[in-house]
Amino acid sequence: MLFLNYLKQVFNPNYCPSVNTSTLSPFTASNKHSVPEWHNGDPYKSLKQGIWLYFILLIFEGALRKWMLPGLSTPLLIIRDPVALWLVFTSWRRGLLPQNFFLSGMVLVGVTGIYTAILAGHGNIYVALFGARPLLIHFPLIFVIGSIFNQEDVLKIGRILLWLVFPMTVLVAVQFYSPQSAFVNRGIGGDMAGAGFGGAMGYFRPPGTFSFTNGTTLFYQLAATFILFFLIHPTRINRLVLGAATVGLLAAIPLSISRGLFFQVVVSVVFLVFAMTRNPKFMLRILGAIIAVAVILVLLSNLSFFQTAIEVFMSRFTDANENEGGVVKGVIGNRYLGWMLGALSSALDIPLLGNGLGIATNVAIAVLTDPITNSKVMGTPDEEWGRTIYELGPILGLSVVFLRVGLDLTIALASFRKLASKDLLPWMLLSFGSLTLLQAQWAQPTSLGFCTLIVGLMIASLRPCTENSNNTSL
């Protein structure tokens, strides 16, 4: 009943009308002309509900495609796009879509990229339009979320995430120990081969409710930022939910067999410790959280299912690190910095106008059948910066890269300033959102969805509801 009552509050949000948005440009739009004179209720209610629908579809889109409506798995791939398009169009029509350098630049690149893909690239309008979705629909949605949501709305998202963590971990555990032919491991469209991905010791990385295993990693990475925030502010959430979510996150790290999840949690912890050092009196809370986590780990380590998961995770961790040359040189040097620097250094080897927007997507693989074009599809880089430059060419591709880096740095600076005023939430979201905005694969729908959501939430977290702003400080 508590969860149902909370859902009623979520979908009947009360907008805080006295937010000062003057210091948040270029992220937020002026509300001067956005509220119809005849509107007696919350003028943002439908838009907020649309954002919540986008969030829900992001979490459960894979469940629809695997278990509920497998026959519609292909069209469900873009089930969030109509919602995103409606949100962007409605916000633009009502003057709520901010005009800024980042948005204008990305839209310009997206429109130009459609023309270059048709005239100088693969020549297929449908592939070009599909490839333009991240630039023309989902990237603008970032600023819609940032303008419509405020900090209290962001915390509502965080609370719902924490409600979902423990059930998600139960599902992941069942998938971990079940054969790939089991119903819980069905692939897209009901594929009996299973949705698991290579792990270690005969175990597969479980996808949870998502279409692919990266969704599981991204889900827990986002949830971890809120769990750490609420561990410092335990009075702002039900303590039983916080405890269950903490247990679920710690158990999910080995069960997911994901090094990315482990490293991201470490990054978020480092961000939290840094924030606490700026306000030493809260170090006691950090110490209390560390003790609580240690107790949970001791209890979990006595469970046989957890011991097996740890053994599998450590095997995967060790083997992968050895293959990549170690944590520092391989994972950090090559996997993160190396991919970015490699994409920049190889930009001049790409045709000036690129190989065509959308050529690195699954739609291109299914639609483009010309042997020459198809070879270009198969030759696309895996990493995001390389893919972007490969599709758009060095000029437009590097423009997208620089826009993402510029937006990232702008949000980081704003979050740091909030930290100086003892507002922890933007800083904690930055711990996940910064790396996501830089490197998230926009050609993959789940990764694109989480990137859109977290960056929008980062911007929204900079807009405290003045009536409650003191409650979100350190």
Side-chain angles (χ1 to χ4, degrees), residues 10 51-62 80 138 141-142 145-146 149 151 153-169 171-172 206-233 236-237 241-242 244-246 248-253 255-256 258-272 408 411-412 415 424-442 444-462:
V10 165
I51 296 170
W52 273 96
L53 178 59
Y54 185 92
F55 166 73
I56 292 170
L57 290 175
L58 176 61
I59 303 298
F60 296 106
E61 166 231 308
R80 294 188 307 276
H138 294 268
L141 181 59
I142 287 172
I145 297 173
F149 268 19
Q151 195 171 91
D153 295 306
V154 175
L155 289 175
K156 288 179 181 180
I157 290 281
R159 295 185 185 106
I160 291 296
L161 274 170
L162 264 65
W163 277 97
L164 294 174
V165 166
F166 192 80
M168 184 71 77
T169 302
L171 173 61
V172 166
T209 61
F210 301 95
S211 302
F212 190 62
T213 56
N214 72 320
T216 307
T217 300
L218 291 165
F219 169 82
Y220 284 110
Q221 288 174 339
L222 176 58
T225 64
F226 284 105
I227 290 173
L228 292 172
F229 173 83
F230 285 120
L231 283 173
I232 304 302
H233 299 283
R236 304 216 62 191
I237 191 172
V241 174
L242 177 59
T246 304
L249 173 64
L250 294 175
I253 293 175
L255 287 169
S256 67
S258 171
R259 292 182 303 155
L261 174 56
F262 172 78
F263 285 123
Q264 180 58 60
V265 171
V266 170
V267 169
S268 294
V269 170
V270 170
F271 268 64
L272 179 62
D408 203 348
I411 296 176
S415 300
L424 178 63
L425 183 60
W427 181 253
M428 290 311 303
L429 293 178
L430 181 71
S431 69
F432 168 56
S434 179
L435 292 176
T436 304
L437 177 55
L438 282 179
Q439 290 194 325
Q441 295 181 340
W442 285 0
Q444 206 279 332
T446 302
S447 179
L448 172 63
F450 271 100
C451 182
T452 301
L453 178 67
I454 182 56
V455 181
L457 293 180
M458 283 196 295
I459 296 174
S461 71
L462 299 170

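Just so it is clear, the model here is predicted, and its values are computed rather than measured.
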Heavy-atom closest pair, residues [X] and [Y]:
X	Y	result
Gln264	Leu435	OE1-CD1, 3.8 Å
Val165	Ala223	CG2-CB, 3.6 Å
Leu57	Arg80	CB-CG, 3.7 Å
Ala460	Val154	CB-CG2, 3.6 Å
Pro206	Val172	CG-CG1, 3.3 Å
Leu430	Ser415	CD2-CB, 4.1 Å

4.5 Å side-chain heavy-atom contact, [X] and [Y]:
X	Y	result
Thr217	Gln221	yes
Leu161	Phe55	yes
Gln441	Leu448	no
Ile459	Phe149	no
Met168	Phe210	yes
Gln151	Leu425	yes
Phe432	Phe271	no
Trp52	Ile157	yes

### Task
Output, in order, the C-alpha distance, side-chain angles, deciding distance and verdict of side chain to side chain contact (heavy atoms under 4.5 Å, CB included) for Arg159 and Leu155.
CA-CA 6 Å; Arg159 295 185 185 106; Leu155 289 175; 3.9 Å; yes

[atom2] on [Y] to [atom1] on [X], rounded to 0.5 Å:
X	Y	atom1	atom2	value
Thr225	Ile454	OG1	CD1	5.5 Å
Gln439	Ser434	CD	OG	10.0 Å
Leu429	Thr436	CG	OG1	10.5 Å
Phe229	Arg236	CZ	CZ	6.0 Å
Leu218	Ser258	CG	OG	8.5 Å
Leu249	Leu162	CG	CG	9.0 Å

If only atom types and distance count, is the side chain of [X] paired as donor or acceptor with the main-chain N or O of [Y] below 3.5 Å?
X	Y	value
Thr209	Ile59	yes
Glu61	Pro445	no
Trp427	Leu272	no
Tyr220	Thr169	yes
Thr446	Gly215	no

### Task
Verify side chain to side chain contact (heavy atoms under 4.5 Å, CB included) between Phe230 and Val241, making sure each step is shown before the conclusion.
CA-CA 10 Å; Phe230 285 120; Val241 174; over 6 Å; no

### Task
Determine whether more than 12 heavy atoms belonging to other residues, nucleotides or ligands lie under 6.0 Å from atom CZ of Phe166.
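Open.
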
### Query
Side chains of Asn214 and Ser447: do they bring a donor and an acceptor to under 3.5 Å?
no

#### Entry: Residue list, side chain to side chain donor-acceptor pair (under 3.5 Å) with Ser256, at least two apart or on another chain
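None.
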
